Amino acid sequence: GNPDGLGVIGDENARTSTFTGAAGQTYTLRWTISTGSICAASAEDVQVTFNPMPSPTLLSSDGDNVICAGDNVTFTAGGGTGYEFFVNGLSEQNGISATFTTDQLVSGDIVTVAATNASGCTALSSGIKTMLHPTPIATLVSNDADNSICAGSEIIFTATPSGASVYTFRVNGASVYTGALNTYSTTTLPDGAVVTVDVASAAGCVGTSAGLTINVDTAPNTADAGDDIVQCNNASFTMAANAATAGTTGTWSVVSGTATITSPNSPTTTVTGVTAGSGDVVLRWTISNGVCTPSTDDVVIRNDAPPSAAIAGADISQCQNGTFTMNATTPVTGTGTWSVQSGTATITNASLINTTVTGVPAGQSATLRWTVSSGSCAVTTDDVVITNRNAPTPTLSSDEGDNTICSGETVVFTAGGGTNYEFFVNGSSVQNGAGTTYTTSGLLNGQVVTVRVTDGFGCSALSSGITTTVNPLPVVNLVSNDAD
């Protein structure tokens, strides 16, 4: 039975039956068993309470329920004392907290909440469907293939996609440019700098690129290999290059010639094995670092061989001839040069061992020096004296005062001015020796006598001639007056 008369029993005579009542009401129901009029009926009451259902509410922190991927969205529920939040029907959070925060939503996800009241009744809210603006997929490249540059060099970064609303470039997390350009250039990156870009769409969604780590090599300082070094008969050299700045490396190398570098990375290394007389050896000092253009400077070292001993040849003495032919010895090592030390002379070609020398005045000497030089080594010298001697002054006289004689008459010619005398009659030698006189009785009329006088130096001169008139002897005829 339904003693309160406020509810509806589905079947009063059925042991099990439905009962419909009003929310918030408590009903007392009685179950009575009777057997007729004789026996007393048996009855028992039961109370049925209809608790009210919660009325769940659900709000989103994003007004239009359109977000960017990865955005945090907070959902706030109401109408209960406990809340179980669902995303697409899958439970994500259950407890007394009325808020649910997530950054994992994807486009089209539906969030609902089941609110439970103090009576333990639960009701499911309507869903909130969240849509996502597309987030730019940011990428970043540089114009340097290996992302290694030299300090001070320009590097250009380009972000994609192009045409986005705002690009924010960052170096080591600090913003260095924000604007509409998708490129950023700089010459001031530190070594190991990490460059990223945030690309914002028109809807405000931001994608961040992976970082590019840039290797920035210290620029080499200007190389200075030092002054050229020339030394004599010493195969060991000490270099004097400038030091490479910190972070860079200096290196010696042989450009030409033969040499052994003891410590190639030391600016003051010793260099050995330079053969004397082998000529110039060119060394290069290079300061380099990574991708930077190296700085170089060359230096010449030379180990000069000592010159050969100078041999100018024997002294030269000649008569009445100011032109001489020299006779020095060709040096094995070095270069020979003639020079005038004293006297008057003109050297035709100073570098020829057998040069001609002219202009030595008669009766004078000149001292010439043959100098053999070899680079930085001390020179060797040898002197030679050349003498242009005067010719002797010959004299010739006859004991016949007027140089007129009779045929067959003896004439004595006397010479002077030398140490040797060669007498000639009409150019034919008739006497040669130390004697100063020539005696003859065989002169013919008109014959000319001359003498070549030679002095102690071997110089000679021909005298003027003496022409002798030879008169014939008279022919004497003798006859008698007697015919027979």
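This is a predicted model, so every value here is computed, not measured.
- At a cut-off of 3.5 Å, with distance as the only test, a side-chain donor of Gln341 or Ser339 sits close to an acceptor on the other residue.
- Side-chain N or O atoms of Asp304 include one that pairs as donor or acceptor with a backbone N or O of Ser376 at under 3.5 Å.
- Between Ala14 and Trp31, the shortest heavy-atom contact is O-CZ3, 3.5 Å.
- Using cut-offs of 30° and 60° on the angle between ring planes, the pair Tyr27 and Phe19 is perpendicular.
- A distance-only check finds a donor-acceptor pair linking the side chain of Asn388 to the backbone of Gln320 [under 3.5 Å].
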Please report the C-alpha distance between Thr213 and Asn215 in whole Å, then the side-chain angles of each, then the deciding distance to 0.1 Å, and finally whether the side chain to side chain donor-acceptor pair (under 3.5 Å) criterion is met.
-> CA-CA 7 Å; Thr213 300; Asn215 175 55; over 6 Å; no
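- Between Ala219 and Thr245, the closest heavy-atom pair is O-OG1, 4.1 Å.
- Minimum heavy-atom separation, Gly375 to Arg302: CA-NH2, 4.1 Å.
- Checking Gln47 against Thr26 by side-chain atom types alone, no donor-acceptor pair falls below 3.5 Å.
- Panel note: side chain Ser209, backbone Thr139; no donor-acceptor pair is recorded below 3.5 Å.
- Side chains of Thr122 and Thr116: a donor-acceptor N/O pair is present below 3.5 angstrom, by distance only.
- Phe169 and Tyr167 have parallel rings, their planes meeting at less than 30° on a 0 to 90° scale where 60° marks the start of perpendicular.
- The backbone N or O of Val385 sits less than 3.5 Å from a side-chain atom of Asp315, completing a donor-acceptor pair.
- For the residue pair Pro161 and Ile137, the shortest heavy atom distance occurs at CD-O, 3.5 Å.
- Closest non-hydrogen pair, Ala151 versus Cys292, comes out as N-SG, 4.3 Å.
- The heavy-atom pair separating Val113 from Thr57 by the smallest distance is CG1-O, 4.0 Å.
- In this structure, a donor-acceptor pair under 3.5 Å is present between the side chains of Ser142 and Asn147.
- Remark: Asn88 CG to Ile110 CD1 distance equals 6.0 Å, nearest 0.5 Å.
- Side chain of Thr355 to main chain of Leu352: no donor-acceptor pair is present (N/O by atom type, distance under 3.5 Å, no hydrogens or angles).
- Between Ser60 and Asn65, the side chains place a donor N or O and an acceptor N or O closer than 3.5 Å (distance only, hydrogens not considered).
- Under a 3.5 Å cut-off, the side chain of Asp198 and the backbone N or O of Thr168 do not form any donor-acceptor pair.
- To the nearest 0.5 angstrom, Thr196 atom OG1 is 7.5 Å from Leu140 atom CG.
- Between the side chains of Ser288 and Thr286, no donor N or O sits under 3.5 Å from an acceptor N or O.
- If you run side chain to side chain contact (heavy atoms under 4.5 Å, CB included) between Thr269 and each of Trp252, Trp285, Phe237, only Trp252 comes through.
- Using a distance-only test at 3.5 Å, with no hydrogens or angles considered, no donor-acceptor pair links the side chain of Thr112 to the main chain of Ser125.
- Using modelled atom types and a 3.5 Å distance limit, the side chains of Thr367 and Asp383 yield no donor-acceptor pair.
- Separating the OG atom in Ser342 from the CD atom in Gln364 is a distance of 10.5 Å, to the nearest 0.5 Å.
- Of the possible polar contacts, one joining the Asn221 side chain to the Ala243 backbone as a donor-acceptor pair under 3.5 Å is found.
- A donor and an acceptor atom, one from each side chain of Thr74 and Thr101, are located under 3.5 Å apart.
- Between the side chains of Asp11 and Asn13, no donor-acceptor pair of N or O atoms lies under 3.5 Å.
- To the nearest 0.5 Å, atom CD1 of residue Ile386 and atom OG of residue Ser365 are 8.5 Å apart.
- Atom-to-atom distance recorded for Ile347:CD1 and Met326:CE is 8.0 Å, nearest 0.5 angstrom.
- Judged by distance alone, the side chain of Asn172 and the main-chain N or O of Val195 form no donor-acceptor pair under 3.5 Å.
- With no hydrogens or angles considered, no side-chain donor-acceptor pair links Asn265 and Ser263 at under 3.5 Å.
- For the residue pair Ser295/Thr222, the side-chain donor-acceptor check at 3.5 Å is not satisfied.
- Between the side chain of Asn321 and the backbone N or O of Gln318, no donor-acceptor pair lies under 3.5 Å.
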Check against salt bridge (Lys or Arg N to Asp or Glu O under 4.0 Å), Asp382 and Arg369 = CA-CA 6 Å; Asp382 188 30; Arg369 177 165 293 168; over 6 Å; no
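- Once rounded to the nearest 0.5 Å, the distance linking CG of Asp298 with CZ of Arg284 reads 4.0 Å.
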